[in-house]
Every structure is written in C-alpha cells, then in structure tokens.
Amino acid sequence: MSQSRFQRWFDLKGWSALLIGAPYIWLLVWFLLPFLIVVAMSVATNTPTAPPFSFGGEHPWVNWEPFSRVLTDGLYLRAFLTSVVNAFVAMIFCLLLGYPMALGLTRVSTNWRNILLMLVILPFWTSFLLRVYAWMGLMGKNSWFNGLLTDSWNFLVPMSWAMKSVPMMHTNFAVVLVMVYTYLPFMILPLYASLERLDPTLDEAAMDLGSRPYQVFWDVTLPQSIPGIVAGGMLVFIPAAGELVIPSLVGNAAQPMIGKIIQDEFGQARDWPMASAVAVALLILMVIPTMIYSHYQAKAERLK
Amino acid sequence: MKRSPTFLITVMCFGFAFFYIPILSMIVYSFNASRLATVWGGFSTKWYVSLVSNDAVVNALFLSLKIALVSATFATILGTMAGITLARFTKFRGRTLFSGLVVAPLIMPEVITGISMLVFFILMADWVGWPGQRGFTTITLAHITFSMVFVTTIIQARMIQSDRAIEEAAMDLGSRPWQVMFDITLPVISPAILSGWLLAFTISLDDVVISSFVTGPGSTTLPLLIWSKVKLGVTPDINALATLMVLTVGIGVFAAGMIMSRTERRRQLDAQMAFRSDD
C-alpha cells in the first residue's frame, strides 16, 4: 500500500511525527513495557527481597519452575477449568437468550427498536459493580426473589425435598447467572448488528419455496449470522474467563477462578513470578479464541 | 411480517425483565426503613440522608469524578490522534505494532493490566524514585492508558466512514496541515470525539479492578469504596447510592438521546432546504 495523500502532506510539514508519536510512545511506555516486564518476570525466581524476584540464581537466567507448576499443580489447573467452564456456560446462555432478543429487535417497528436498543445499552452505562450488587440482593437467603423461588420449588417437589431457601449465593451457578446478566448486552449488540444487515427477501424466497419458519431460521438466518455469533461469543467469553469481581462477590471461595489466583499469588503470597506465569498462561488461553475470531474475520473479508 | 414472532416477543419480555427487575428491586429497597436490606420494613428516605452526610462517600465520589475528568480528556486527545493516524496514514514504520497496541488493551484481562502497571510503578519508584506514592496520579495514568484505546476504536470507525475528498479539497486550496486538521477533520468527527470522551469517562468512573491494583493509601475511588462495603454484604445505603447513580445515568442517556435525535432532525431539515434551493 502506498502512503495516502493526507499522510504525505502531513509528512511534508513534519506534523505526522507528532500525530503518530504521542499515542505510540504512550502505549509503548505505559502498556507494552509493563506487560513485557510481567512476561519476563514469569521466568524469574521468587526471592524474599523487595521487589520479590530476581534473575539468575541456581538456574542461570531462566527459571521454568513457575510454568511447570502451572501445568502440574492441581490448584492452577482446577482454577483454569473453573474459569473456562463458567465463562463457556455463561457464553452459551448469553447466546440462547441474546439471539432471540437480537432477532426480535430486528422485527419490531423503528420507534420500538430505538427504545429497546437504548434499554439494552442503558445497564451498560450504569455501574458494573452495582449490577453485580443488585443480584446479591436478589439471591440472598431472605430476599423476596429467593422466597419466590423457594415457594415454587416447594410447591412443585415432594415434601421431603422441601427447602428453607434456595442456596444460590457463593456457587458457580451464581457466578454464571451474574456473568450472563452483566455481559448479555455484549452478545446482543453484535448479533443485532449482523442480523440487521440480512436481506429480508432471502427469508421470503425461502418461504415461497416452501420452507417452514424453523427451516428458514436454520438454513437462511442462522448461517448468515455466524460472524455476529462469533463476535458476541468472544466479547462474553474473554472478559468472563478473566473475571475477578463477580466470583469474589458471589462465587464459591473454595473454587476460585483464575483472576483470583493471580491476585492472591501477587498480593498475599508475594510470589510475583508465579502470578506472572499464571497471567501469561491465561493470555495464551485467550489468544486461541482471538485467533479463531480473526481467522473468521479474514475469511469474511475475503468473501466480500 | 408474515411470521408471528410470539416466541421472540416472549423471550424479549423475559430478557428485559431480567435486565430491569434486579435494578428496580434495588431502587425499591433503597427506600426500605429496615436495616436488614432484604426485609421490607416500611418506607423511609433515611439511607439517602446517611449517604450524603457520609464524608467517605462524598470524598470518594469527588476523587472518582476528578480522575474520570482528567483521564477521559487525555484519553480522548491521545485516542483521537491514534484513530486519525490509523485511519489516514496507510504506511509508516511500526504500523503493525501500533495497530496491535491499540487492540491489545481491549482484550487484556483487567487483572493482568492492573498487575503489570503496579509492577511497573513499583520498579520505577525503585529505579528513578517516581512515583513516590501511588494514588491519584497512578490511577489516572492507568485509566488514560486503557480507555484511550476505546476512543481510538470509535474515532477510527468514524474516520473510515468520513469523506476524504473534503480534506483533499482543503489541501488543494492551500490549507496547512493544522488548518486541515482543525477546520475539516476534527469538526467532521466531533460527535465521535464526544462519544469517545463519554465512554472514557464512564469506563474510568466504573473501573474497580485496575484501580484496586494501582491505588495507594488514602486514595479510595467510589467503586473501590463500594467494593469494600459490598464484600461485607448487602447494605441499604449502597442501595440508595445505586439508585442515585442509575437515575443520573438514566437521565443523562435520555437527554443525550433527545439532543442527538434533535440535531439529526435539524441536519436532515437543513439538507432538504439545501437541495430545495438548488432547484
């Protein structure tokens, strides 16, 4: 690609150096450099000094022990498994609830659509922490919501199974529920964007050719919305897998997720190399879905 | 539509109930007279009174607003520069790295961003003696860094849509680069700059995880204060705080929506007038 005329003009007057340089240097100093330090620290040795790590020692320069512990110690493997399972289940439920909502948004009148879209986005502008907190109020033992669930449970099951309250707080169920609640807009918006672009005449053509509504959905709508599904899925899965706030407030402390492990290794255990190794492992885990995503994107671009 | 979307409407009703019942429940219980946050004990506004007379809450709110104002402004300046560069400068040394750097903070887990910045601040304090104490400055620096990339995304998307011909015309007519920038490019993307600033402001005001790492003694932002209170359980004054925040945001978003639709309507009207006078 050649330089644009805009750029050549700016180069000529020496303005482009400033325009490129300021944000570039900022990100290099405050993002890339700190990140590279963490990557380097993941092969350092934990020492009782301040700062608590050093290079060298018995293994000259590189110490692979933190990484081998990530791969062999059950604590880390269980935490990774909990994170991936919670994030994946939350993603599936977001999809199951978000897809019909996004499809519904494309089917209502323009006035309703604008109002409903604003209602989807509005919770996103309110505090994330307070949205988690709202569910703490609902899930607690004495809340009206828990009472409602308990009563309907006791009504439906035999007497011997009756419960005083539904144990929701401090479970993985609570984590998934709150994740679905907080991340659902991230699923709905890309799905809506991809569904809105679809050509309605394709649906009509399929129906004219005798497809039943569910066949139209399965054969026409769904395959065309896969980019939206992938984008929404990524936007839910990636932050959910690294989530720290939700599991620490409503999760089961005996089954920590990986974010909590990183925080504890870093803070309480003061083992910075171990925290860094777990962090790098988490990033590698996230790079895989990201690569799948960019693969899909590149494919979609080529099709265009 | 020929197809009856009963199923879709049912799911949408359920979905919006799912979105708003927890928030409504929180608002209702903020007027609860009982200290037990989950048992209704009559109507009362005492939690609002105790909230505004609580110095810790008021100080935390002002600290958060200060950080959000400063960080959103810097993030908007840097993010706009990056967005314009990526959209208009097709070729420069290190472009690949740069375009990676503006995406990476978006997908980086907050815990990792928080830890890497904290380690960096600690090591810097060791090596160059700065920052001596963590607090306002370190939180602001962290917020600028991870919210500027959101601004970049918005600006880049807007720049790609906007018409380069106007900029080229200005160049042909002999404008200097800064004139092109300030007379054409920036006014054209000004709505995107505004929404970028608002997004950066909200992100900063809402951040818990990164702030919890890079903060220092005596610098408690509002989300950090809420987090430390909420960890101990549900309390009625947090319900009151949540209600105030939801109402503020709700009114703000509603007003912004109204203003935007009005300017949009005016612009369409102006365009129609312009076409008519052409005839």
Side-chain angles (χ1 to χ4, degrees), chain A residues 1-7 9-10 13 15-16 19-20 22-24 26-27 30-35 37-38 51 97 100-101 103-104 107 118-119 122-123 125-130 133-138 140 142-143 181 213 238 242 244-245 249 259 262-263 266 275 279 282-283 286 290, chain B residues 1 3 5 8-9 11-12 15-16 19 22-23 25-26 29 37-39 78 81-82 84-85 88-92 98 101 105 107 109-112 115-117 119-120 122-123 126 141 145 164 167-168 171 177-178 202 206 208-209 223 226-227 230-231 234 238 242 245-246 249-250 253 257:
Chain A
M1 236 194 300
S2 67
Q3 294 188 337
S4 71
R5 199 171 151 214
F6 192 73
Q7 184 183 358
W9 179 257
F10 269 75
K13 309 281 177 183
W15 278 77
S16 56
L19 213 52
I20 301 172
Y24 207 150
W26 184 280
L27 285 173
W30 299 109
F31 182 77
L32 189 64
L33 190 58
F35 173 66
I37 292 174
V38 166
L97 184 55
M101 286 182 78
L103 195 59
R107 298 282 159 85
M118 207 185 75
L119 285 177
L122 196 62
W125 287 90
T126 64
S127 164
F128 166 76
L129 201 53
L130 291 175
Y133 170 77
W135 274 101
M136 293 175 68
L138 289 187
N142 301 316
S143 74
Y181 182 68
I238 286 183
L244 178 65
V245 174
L249 289 180
I262 297 177
Q263 193 197 29
F266 187 82
L282 174 63
L283 270 181
M286 288 181 172
T290 315
Chain B
M1 266 284 133
R3 232 174 310 160
L8 294 182
I9 288 180
V11 177
M12 278 170 84
F16 283 106
F19 269 141
I23 294 175
S25 169
M26 200 161 63
Y29 275 94
T38 52
V39 183
L78 289 166
M81 288 165 105
I84 292 175
T85 347
R88 285 287 185 269
F89 293 1
T90 42
K91 204 175 161 190
F92 56 87
F98 189 47
L101 277 178
I107 59 165
E110 285 178 311
V111 191
I112 302 180
I115 280 190
S116 58
M117 291 215 99
V119 168
F120 189 57
I122 291 175
L123 293 181
D126 237 32
L141 284 172
T145 308
R164 314 178 165 210
E167 285 159 3
E168 287 177 2
M171 288 184 258
W178 58 269
T202 329
D206 202 22
V208 200
V209 177
I226 297 175
W227 200 20
V230 162
K231 269 181 189 162
V234 177
I238 296 290
M245 284 177 81
V246 169
V249 169
V253 169

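Reminder, nothing fancy here: chain letters follow the sequence lines and each chain counts from 1.
Considering every non-hydrogen atom in both G259(A) and V111(B), the closest pair reads O-CG1, 3.9 Å. Looking at every heavy atom in both residues, L283(A) comes nearest to P109(B) through CD2-CD, 3.8 Å. Between I107(B) and M286(A), the shortest heavy-atom distance links the atoms O-SD, 4.3 Å. Scanning both residues, V11(B) and P100(A), for their nearest heavy atoms gives CG1-CB, 3.6 Å. Nearest heavy atoms, M81(B) versus L19(A): CB-O, 3.8 Å. Listed here is the closest heavy atom pair of M12(B) and M101(A): CG-CA, 3.9 Å.
Among I115(B), I9(B), L123(B), V209(B), the residue with the largest count of heavy-atom pairs under 4.5 Å with chain A is I115(B). Ranked by heavy-atom pairs under 4.5 Å with chain B, the list I262(A), L129(A), L282(A) is led by L129(A). Your options are A22(A), A275(A), G104(A), and the one with the most heavy-atom pairs under 4.5 Å with chain B is G104(A). Between chain A and the residues R164(B), M245(B), M171(B), M26(B), the most heavy-atom pairs under 4.5 angstrom are made by M171(B). For chain A, the option among I84(B), I112(B), V208(B) with the highest count of heavy-atom pairs below 4.5 Å is I112(B). Among the candidates D206(B), T202(B), D126(B), the residue making the largest number of heavy-atom pairs closer than 4.5 Å to chain A is D206(B). Annotation: maximal heavy-atom pairing with chain A below 4.5 Å, among P223(B), G250(B), P105(B), occurs at P105(B).
In this structure, CD1 on I37(A) lies 8.5 Å from OG on S116(B), to the nearest 0.5 angstrom. For the atom pair CZ of F120(B) and CH2 of W30(A), the computed distance is 5.5 Å after rounding to the nearest 0.5 Å. Separating the CG atom in L32(A) from the OG1 atom in T145(B) is a distance of 12.0 Å, to the nearest 0.5 Å. The line from NZ of K231(B) to CG of L249(A) is 7.5 Å long, rounded to the nearest 0.5 Å. From S16(A), atom OG reaches atom CZ of F92(B) across 9.0 Å, with rounding to the nearest 0.5 Å.
Of the two parts of L103(A), the backbone and the side chain both hold a non-hydrogen atom closer than 4.5 Å to a non-hydrogen atom of chain B. For E110(B), no part lies near chain A; criterion is any non-hydrogen pair under 4.5 Å. At a 4.5 Å heavy-atom cutoff, the contact between W125(A) and chain B is made by backbone and side-chain atoms alike.
In this structure, I23(B) and L130(A) have side chains that are not in contact, with every pair of non-hydrogen atoms separated by 4.5 Å or more. Side-chain atoms of Y29(B) and S143(A), non-hydrogen and from C-beta on, never get closer than 4.5 Å to each other. Between P34(A) and V119(B) there is no side-chain heavy-atom pair separated by less than 4.5 Å.
Y181(A) places a side-chain N or O within 3.5 Å of a backbone atom of F19(B) that can act as its donor or acceptor partner.
With Y24(A) as the fixed residue, the side-chain contact (heavy atoms from CB on, under 4.5 Å) test singles out one of L101(B), T85(B), L78(B): L101(B).
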